Amino acid sequence: MAWWAMLIILVLGGWTYLSDDPVPVLRTVAELGGVLGLFTLVCASEIWT
């Protein structure tokens, strides 16, 4: 999982660096972070129940 996260961060970081307007890229990163955070909370709640 850590390798996939590193790969995604490298790709999005390069895309942001090469993009003329980084706002859509940063919005995509924020949405991806929100989805991963929600997924983490759901998995954590499944473990504790």
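The shown structure was predicted, so the numbers you read here are calculated from the model rather than taken from an experiment.
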- Task: Could you pull out all residues at least two apart from V35 that satisfy side chain to side chain contact (heavy atoms under 4.5 Å, CB included)?
- Result: none
- Closest non-hydrogen atoms of P22 and D20, given as atom of the first, atom of the second and distance, are CD-O, 3.6 Å
- Task: With sequence neighbours excluded, tell me which residues meet side chain to side chain contact (heavy atoms under 4.5 Å, CB included) with V25.
- Result: W15, T16, S19
